[in-house]
K.L.:
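Sending over a structure as structure tokens; questions will come in a sec.
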Amino acid sequence: MLTRAIQNGDDVSVPSGMQLSLARRVCAFGFLLCAEFFYSWAWNTVDILRPYLRESLRLTLTQAGSAYSAQGAGALAGAILIGQLADRLGRRNMLVAVMLGYGSLLLAGVFVSSYLELLLQRFCLGIFLGGSFPVVVGIYVGLFEPEVRGRLASMVSAVFSASIITQGYAFGHLAGHDWRLLLWLGGAPPILLAFVAYAVVPSGVRQTTAPGKQRLPMSELFAPSLRRQTLLLALLTGLNFFAYQAFSGWLTTYLKDNRHLASPAIGQLVSGQFAGNLLGCFFWGWIGDRFGRRAGAVGFFVAAAAVMVFLGVPAEPPVLIAVGSLYGFCLSASVVWGPWLAELYPEHLRSTAASIFNWGRLISFFAPLITGAMAGAFGLRFSMLSSSLAFCAAGGIWLSLPETLRRKSH
């Protein structure tokens, strides 16, 4: 049960020192889930609408794919910038700014008429999308006790997936009529809802420091006592993104060209992996609340084993679906990283600390180039096996970092 608010957290400042009611906190978290739904919608349009963008702007395959790179670069910049602004100017204020930003910039895609405009629009959109995760994490970590934060993170992740499902359904019914309607459906609601945050999300206490000692929150992450931890966390998130790109990024290519599976079988396998991932979100969130944040490292070691088994078993669809679903299930072990990152640092750095999750995208930019070169030299199967090594390395780093969950004795 969600028992009480954290009275001294910088995101749950209450007039007269009174704690927030459970209903108020649940209402605020419900609003964050709405924001996450439309964040997911905006993020995934770059992939779902890719064939229509390519046809409309007469792009090559490389140009169409580079829209994702532009969005990812913006997300990295936004995570760093907006995470710090949230810790300085208030997380509720930045939540409103983020929702207005990604809503309006998604709508700007309706008017894009050239390749350069597409890259600029996606980069600017990515800035606000990259800021969403650290802001949302910084808010809900301040609203609820550590013992339930893993499950809250599971719900946030599940809403992200639910948005993809909804968008796929809308795509099937509307894209053939006018694909730009999906931009309107994803862009207009967050603009209309943004200012509701002032009514339902509690205000936060801004961090203050002594005159003459103002420092950027980012610089505090690299203070001598925290530097090693910060660098290891950045490496951990980078290995996670690399491992995902090395295996999942080449999965459909491998199944088609190396295993010679038909499209329906490939679709079933991808769906199985996605279903396993969705179920895993709830499992690993519960594990993180029950046994600690580092317990999820086990999932990475199992994912590494699943990759090796997947690449070695016969090309029988039922077997591949079972192993692929296990891989997807374990891939979501990182669901607790949002609250864990925030808990590892002082309260006034929650959003800046949560932004470390997106720092790993810098490595993911190079993952397709590295694994593509490995595939050309040694074969695609060997290249995808590097995912297993990355998962094991990430699991080892994860276990070497501090535990933050301290369960109360009853």
Side-chain angles (χ1 to χ4, degrees), residues 34-50 52-54 56-60 62-138 160 163-164 167 179-195 197 216 218 241 351-352 354-362 364-365:
C34 290
E36 180 72 9
F37 181 92
F38 290 107
Y39 152 76
S40 173
W41 188 292
W43 180 272
N44 288 290
T45 54
V46 72
D47 291 327
I48 291 178
L49 296 180
R50 185 173 298 174
Y52 292 93
L53 289 169
R54 180 172 175 243
S56 174
L57 301 177
R58 298 176 181 175
L59 306 177
T60 65
T62 302
Q63 288 175 328
S66 64
Y68 179 89
S69 298
Q71 182 172 293
L76 176 61
I80 295 172
L81 173 63
I82 294 177
Q84 295 185 86
L85 290 175
D87 284 333
R88 280 288 184 250
L89 304 178
R91 292 166 191 134
R92 183 176 65 178
N93 291 332
M94 293 313 299
L95 175 64
V96 173
V98 162
M99 293 179 70
L100 291 174
Y102 68 66
S104 59
L105 282 163
L106 185 61
L107 290 181
V110 174
F111 308 102
V112 166
S113 59
S114 70
Y115 174 55
L116 290 179
E117 289 179 7
L118 174 66
L119 293 181
L120 179 61
Q121 180 251 342
R122 283 291 161 177
F123 177 81
C124 293
L125 174 62
I127 290 175
F128 290 96
L129 293 175
S132 180
F133 181 82
V135 170
V136 168
V137 169
F160 185 93
S163 178
I164 299 175
Q167 190 173 128
W179 59 271
R180 292 177 179 84
L181 289 174
L182 273 76
L183 300 180
W184 284 102
L185 288 174
I191 295 175
L192 297 174
L193 289 172
F195 290 104
L216 287 174
M218 184 68 69
F241 281 115
S351 291
T352 305
S355 73
I356 296 174
F357 179 80
N358 277 310
W359 296 6
R361 294 190 185 279
L362 182 62
S364 72
F365 295 158

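The residues of the chain are indexed from 1 along the displayed sequence.
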K.L.:
So which pairs with a foot in residues 103-136 pass ring pair (Phe, Tyr, Trp, His ring centres under 6.0 Å), sequence neighbours left out?
P.N.:
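Sorted result for residues 103-136: F133-F357.
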K.L.:
Scan the side chains in residues 180-191 for donor-acceptor partners under 3.5 Å anywhere in the protein, sequence neighbours excluded, and list what turns up.
P.N.:
from : atom 1 : to  : atom 2 : distance (Å)
R180 : NH2    : S56 : OG     : 3.4

K.L.:
If you round to the nearest 0.5 Å, how far is SG of C124 from CG of L106?
P.N.:
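Going from CG on L106 over to SG on C124, the span is 13.0 Å.
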K.L.:
Closest heavy-atom contact between L57 and S113?
P.N.:
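So the two residues come closest at CD2-C, 3.5 Å.
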K.L.:
Provide the closest heavy-atom pair for R92 versus A197 in the form atom of the first, atom of the second, distance.
P.N.:
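Where R92 meets A197 most closely, the heavy atoms are CD-O, 3.5 Å.
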K.L.:
Looking at CG of L53 and CD1 of I48, how far apart are the two atoms once the value is rounded to the nearest 0.5 Å?
P.N.:
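Nearest 0.5 Å value for the CG-CD1 distance: 11.5 Å.
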K.L.:
Once you round to the nearest 0.5 Å, how far does CG of L100 lie from CG of L105?
P.N.:
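Output value for this atom pair is 10.5 Å.
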K.L.:
Kindly write out the residues that satisfy salt bridge (Lys or Arg N to Asp or Glu O under 4.0 Å) with R54, not counting sequence neighbours, or none if the list is empty.
P.N.:
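Testing R54 for salt bridge (Lys or Arg N to Asp or Glu O under 4.0 Å), a comparison that skips the adjacent residues, returns none.
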K.L.:
Which heavy atom of A42 sits nearest to which heavy atom of L129, and what is that distance?
P.N.:
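So the minimum-distance heavy-atom pair works out to CB-CD2, 3.8 Å.
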K.L.:
Determine, step by step, whether L59 and L118 satisfy the side-chain contact (heavy atoms from CB on, under 4.5 Å) criterion, reporting the C-alpha distance in whole Å, the side-chain angles of both residues, the deciding distance to 0.1 Å, and the verdict.
P.N.:
CA-CA 11 Å; L59 306 177; L118 174 66; 3.8 Å; yes
K.L.:
To check you understand the geometry: which heavy-atom pair defines the closest contact between P134 and A79, and what is its length?
P.N.:
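Shortest heavy-atom contact: CG-O, 4.3 Å.
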K.L.:
Kindly give the heavy-atom pair with the smallest separation between F241 and G360, and that separation in Å.
P.N.:
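The pair with the smallest heavy-atom distance is CD1-C, 3.5 Å.
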K.L.:
How long is the gap from CH2 on W41 to OG on S163, to the nearest 0.5 Å?
P.N.:
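Rounded to the nearest 0.5 Å, the CH2-OG separation comes out at 6.5 Å.
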K.L.:
Work out which heavy atom in A35 is nearest to a heavy atom in M99; give both atom names and the distance.
P.N.:
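For A35 versus M99, the nearest heavy atoms are CB-SD, 3.9 Å.
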K.L.:
Name the one of R50, R122, Q71, Q167 that satisfies side-chain hydrogen bond (donor to acceptor under 3.5 Å, both in side chains) with T45?
P.N.:
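Result for side-chain hydrogen bond (donor to acceptor under 3.5 Å, both in side chains) with T45: R122.
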K.L.:
How long is the gap from OG on S351 to CG on D87, to the nearest 0.5 Å?
P.N.:
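Taking OG in S351 and CG in D87, the distance rounds to 4.5 Å.
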K.L.:
Kindly compute the distance separating CG (L89) from CD1 (I82), expressed to the nearest 0.5 Å.
P.N.:
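Nearest 0.5 Å value for the CG-CD1 distance: 11.0 Å.
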K.L.:
Using side-chain contact (heavy atoms from CB on, under 4.5 Å), reason through V136 and Y39 one step at a time and then give a plain yes or no.
P.N.:
CA-CA 11 Å; V136 168; Y39 152 76; over 6 Å; no
